[in-house]
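Nothing here was measured: the structure is a model prediction, and the numbers come from that model. Residue numbers run from 1 in the order of the sequence given.
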Amino acid sequence: MLIPKKVKFRKQQRGKRRGLATRGAALSFGNYGLQATECGWLSTREIEAARVAMTRFIKRGGKIWVRVFPDKPVTKKPAETRMGSGKGSPEDWVAVIKPARILYEMEGVTEDVAKEAFRLAKHKISIPTKFIKRDTV
(Lines give C-alpha, C1' and ligand atoms only; values in the text may rest on other atoms or scores of the structure.)
Protein backbone atom coordinates (compact mmCIF):
# COMPACT_ATOMS: atom_id res chain seq x y z
CA MET A 1 0.00 0.00 0.00
CA LEU A 2 1.02 3.58 -0.59
CA ILE A 3 2.42 5.58 2.31
CA PRO A 4 4.86 8.50 2.37
CA LYS A 5 8.49 7.74 3.20
CA LYS A 6 8.76 10.84 5.35
CA VAL A 7 6.44 13.66 6.43
CA LYS A 8 7.19 17.05 7.91
CA PHE A 9 4.49 16.76 10.61
CA ARG A 10 3.20 13.52 12.10
CA LYS A 11 -0.40 14.63 12.73
CA GLN A 12 -2.61 16.89 10.60
CA GLN A 13 -5.95 18.59 11.12
CA ARG A 14 -8.94 17.29 9.18
CA GLY A 15 -9.43 20.39 6.99
CA LYS A 16 -12.39 21.56 4.91
CA ARG A 17 -13.83 19.52 2.06
CA ARG A 18 -14.90 22.25 -0.32
CA GLY A 19 -13.92 23.90 -3.59
CA LEU A 20 -12.83 22.49 -6.94
CA ALA A 21 -9.51 20.88 -7.77
CA THR A 22 -7.12 23.54 -9.03
CA ARG A 23 -4.51 21.03 -10.19
CA GLY A 24 -4.80 17.55 -11.62
CA ALA A 25 -8.14 18.30 -13.27
CA ALA A 26 -7.11 17.57 -16.89
CA LEU A 27 -5.89 14.45 -18.67
CA SER A 28 -2.10 14.62 -18.82
CA PHE A 29 -0.86 11.15 -19.71
CA GLY A 30 -3.54 8.78 -21.07
CA ASN A 31 -6.50 9.00 -23.43
CA TYR A 32 -9.13 7.96 -20.87
CA GLY A 33 -9.59 8.92 -17.25
CA LEU A 34 -11.67 8.53 -14.10
CA GLN A 35 -12.67 11.92 -12.69
CA ALA A 36 -14.10 12.62 -9.23
CA THR A 37 -17.42 14.48 -9.10
CA GLU A 38 -17.55 15.08 -5.32
CA CYS A 39 -15.23 15.76 -2.37
CA GLY A 40 -13.87 13.05 -0.13
CA TRP A 41 -10.92 11.06 1.13
CA LEU A 42 -9.48 8.04 -0.70
CA SER A 43 -7.69 5.57 1.54
CA THR A 44 -4.61 3.62 0.51
CA ARG A 45 -6.70 0.44 0.36
CA GLU A 46 -9.25 1.98 -2.02
CA ILE A 47 -6.56 3.33 -4.35
CA GLU A 48 -4.79 -0.03 -4.52
CA ALA A 49 -8.01 -2.08 -4.88
CA ALA A 50 -9.15 0.04 -7.84
CA ARG A 51 -5.71 -0.19 -9.47
CA VAL A 52 -5.64 -3.99 -9.13
CA ALA A 53 -9.19 -4.31 -10.53
CA MET A 54 -8.29 -2.24 -13.62
CA THR A 55 -4.95 -4.01 -14.19
CA ARG A 56 -6.55 -7.44 -14.00
CA PHE A 57 -9.34 -6.52 -16.39
CA ILE A 58 -7.08 -5.11 -19.11
CA LYS A 59 -4.74 -8.10 -18.60
CA ARG A 60 -1.70 -5.81 -18.47
CA GLY A 61 -2.47 -4.70 -22.05
CA GLY A 62 -2.49 -0.93 -21.64
CA LYS A 63 -0.79 1.52 -19.32
CA ILE A 64 -2.37 2.91 -16.15
CA TRP A 65 -1.37 6.05 -14.27
CA VAL A 66 -2.44 6.59 -10.65
CA ARG A 67 -2.78 10.36 -10.29
CA VAL A 68 -3.42 10.52 -6.52
CA PHE A 69 -1.18 9.79 -3.55
CA PRO A 70 -2.25 9.39 0.08
CA ASP A 71 -0.19 11.94 2.00
CA LYS A 72 -2.62 12.91 4.79
CA PRO A 73 -2.40 10.97 8.08
CA VAL A 74 -5.67 10.01 9.78
CA THR A 75 -5.43 9.47 13.52
CA LYS A 76 -7.52 7.20 15.70
CA LYS A 77 -7.71 6.74 19.47
CA PRO A 78 -7.70 3.22 20.89
CA ALA A 79 -11.04 1.54 21.67
CA GLU A 80 -12.54 2.13 25.14
CA THR A 81 -10.35 5.17 25.85
CA ARG A 82 -11.68 8.02 27.99
CA MET A 83 -12.06 11.54 26.65
CA GLY A 84 -9.02 13.78 26.68
CA SER A 85 -5.38 12.68 26.90
CA GLY A 86 -4.47 14.15 23.52
CA LYS A 87 -4.89 13.19 19.90
CA GLY A 88 -4.64 9.57 18.80
CA SER A 89 -1.77 8.08 16.84
CA PRO A 90 -1.73 7.98 13.00
CA GLU A 91 -3.52 4.83 11.79
CA ASP A 92 -4.15 5.31 8.07
CA TRP A 93 -3.22 7.51 5.13
CA VAL A 94 -5.69 9.19 2.78
CA ALA A 95 -5.62 11.33 -0.36
CA VAL A 96 -7.79 14.46 -0.26
CA ILE A 97 -9.99 14.48 -3.37
CA LYS A 98 -11.86 17.51 -4.66
CA PRO A 99 -14.37 17.60 -7.54
CA ALA A 100 -12.83 17.50 -11.06
CA ARG A 101 -9.70 15.69 -9.84
CA ILE A 102 -8.42 12.95 -12.18
CA LEU A 103 -7.86 9.78 -10.15
CA TYR A 104 -6.61 7.34 -12.81
CA GLU A 105 -5.62 7.53 -16.48
CA MET A 106 -5.29 4.81 -19.08
CA GLU A 107 -4.04 4.37 -22.64
CA GLY A 108 -3.23 1.53 -25.03
CA VAL A 109 -6.73 -0.03 -24.89
CA THR A 110 -10.02 0.53 -26.72
CA GLU A 111 -12.69 2.83 -25.31
CA ASP A 112 -14.99 -0.08 -24.42
CA VAL A 113 -12.25 -1.86 -22.46
CA ALA A 114 -11.31 1.38 -20.67
CA LYS A 115 -14.96 2.08 -19.77
CA GLU A 116 -15.42 -1.38 -18.29
CA ALA A 117 -12.12 -1.22 -16.39
CA PHE A 118 -13.05 2.16 -14.90
CA ARG A 119 -16.54 0.82 -14.05
CA LEU A 120 -14.91 -1.95 -12.02
CA ALA A 121 -12.61 0.58 -10.33
CA LYS A 122 -15.54 2.88 -9.56
CA HIS A 123 -17.11 0.19 -7.37
CA LYS A 124 -13.94 -0.02 -5.25
CA ILE A 125 -13.78 3.64 -4.25
CA SER A 126 -16.08 5.68 -2.01
CA ILE A 127 -16.30 8.81 -4.17
CA PRO A 128 -18.72 9.33 -7.10
CA THR A 129 -16.78 9.46 -10.38
CA LYS A 130 -17.29 9.74 -14.12
CA PHE A 131 -15.51 8.42 -17.21
CA ILE A 132 -13.80 11.03 -19.42
CA LYS A 133 -11.82 10.83 -22.62
CA ARG A 134 -9.37 13.10 -24.39
CA ASP A 135 -10.74 15.36 -27.14
CA THR A 136 -9.07 14.19 -30.36
CA VAL A 137 -9.73 17.41 -32.31
Side-chain angles (χ1 to χ4, degrees):
M1 288 190 292
L2 300 168
I3 67 167
K5 288 182 182 152
K6 185 178 160 187
V7 287
K8 191 165 185 181
F9 299 106
R10 203 168 134 250
K11 297 174 183 177
Q12 271 186 28
Q13 294 187 339
R14 294 174 69 85
K16 303 281 190 209
R17 299 186 194 190
R18 59 182 178 209
L20 291 172
T22 54
R23 296 163 190 262
L27 288 173
S28 300
F29 305 102
N31 296 327
Y32 308 106
L34 193 64
Q35 187 176 43
T37 56
E38 289 184 17
C39 295
W41 287 350
L42 270 189
S43 71
T44 59
R45 294 172 191 275
E46 290 174 321
I47 294 168
E48 182 64 11
R51 186 196 65 78
V52 168
M54 288 188 295
T55 306
R56 284 195 179 148
F57 182 77
I58 65 172
K59 298 183 176 66
R60 299 183 300 280
K63 176 139 177 61
I64 294 174
W65 287 270
V66 180
R67 295 281 309 273
V68 291
F69 185 81
D71 56 355
K72 182 182 188 71
V74 175
T75 61
K76 192 165 168 113
K77 294 184 96 164
E80 301 177 12
T81 306
R82 293 185 177 188
M83 289 284 112
S85 71
K87 191 170 180 170
S89 59
E91 293 293 318
D92 197 14
W93 294 88
V94 295
V96 178
I97 306 298
K98 292 188 174 184
R101 175 74 190 213
I102 306 290
L103 307 177
Y104 299 95
E105 290 188 34
M106 187 183 299
E107 78 169 6
V109 294
T110 63
E111 184 174 344
D112 297 334
V113 172
K115 258 189 187 167
E116 180 62 19
F118 283 135
R119 188 190 68 79
L120 292 171
K122 186 185 338 191
H123 292 299
K124 305 286 183 193
I125 59 180
S126 58
I127 296 173
T129 58
K130 67 179 182 180
F131 174 81
I132 60 168
K133 62 181 182 177
R134 189 183 296 276
D135 297 328
T136 56
V137 177

Check for me, please, whether [X] and [Y] land in the same ILVMFWY cluster - side-chain distances under 4.5 Å, paths through other members count.
X      : Y      : answer
Ile127 : Phe69  : yes
Leu120 : Val109 : yes
Leu42  : Val74  : no
Phe57  : Val66  : yes
Tyr104 : Met106 : yes

From [X] atom [atom1] to [Y] atom [atom2], the distance as rounded to the nearest 0.5 Å:
X      : Y      : atom1 : atom2 : result
Arg119 : Met54  : CZ    : CE    : 13.5 Å
Gln35  : Arg101 : CD    : CZ    : 11.0 Å
Ile3   : Asp92  : CD1   : CG    : 10.0 Å
Glu116 : Thr110 : CD    : OG1   : 11.0 Å

Over all atoms of both residues, closest heavy-atom pair of [X] and [Y]:
X      : Y      : answer
Pro78  : Thr81  : O-OG1, 2.7 Å
Ala25  : Ile102 : C-CG1, 3.8 Å
Lys124 : Ala53  : CE-CB, 4.1 Å
Thr129 : Leu103 : CG2-CD1, 3.7 Å

Report, one line per pair, each donor and acceptor closer than 3.5 Å where one atom sits in a side chain of residues 5-23; sequence neighbours left out.
residue, atom, partner, partner atom, Å
Lys11, NZ, Lys87, O, 3.3
Lys11, NZ, Gly88, O, 3.4
Gln12, OE1, Lys72, NZ, 3.2

Tested for side-chain contact (heavy atoms from CB on, under 4.5 Å) against Ile125, the lone hit among Leu34, Ile97, Ile47 is Leu34
Using a 3.5 Å distance criterion without hydrogens, assess whether the side chain of Lys77 forms a donor-acceptor pair with backbone atoms of Met83.
no
I'd like to know if the side chain of Glu105 reaches the main chain of Ser28, judged simply by a donor and an acceptor atom lying under 3.5 Å from each other, with no hydrogens or angles considered.
yes
Just checking, is any N or O donor in the side chain of Ser126 or Glu46 under 3.5 Å from an acceptor N or O on the other one?
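Side chains of Ser126 and Glu46: pair found under 3.5 Å.
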I'd like to know whether Trp93 forms a side-chain contact (heavy atoms from CB on, under 4.5 Å) with Leu2, so could you lay out the CA-CA distance, the side-chain angles of the two residues, the decisive distance to 0.1 Å, and finally the verdict.
CA-CA 8 Å; Trp93 294 88; Leu2 300 168; over 6 Å; no
Under the side-chain contact (heavy atoms from CB on, under 4.5 Å) criterion, do Thr55 and Arg51 qualify, and how do the steps go?
CA-CA 6 Å; Thr55 306; Arg51 186 196 65 78; 3.9 Å; yes
Whether Phe118 and Phe131 hold their rings parallel, tilted or perpendicular, with breakpoints at 30° and 60°
tilted
Report, as yes or no, whether the 6.0 Å neighbourhood of atom CZ on Arg67 holds more than 12 heavy atoms from other residues, nucleotides or ligands.
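It does: Arg67 CZ has more than 12 such atoms within range.
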Quick one: does Ile132's side chain get under 4.5 Å of Tyr32's, heavy atoms only?
no
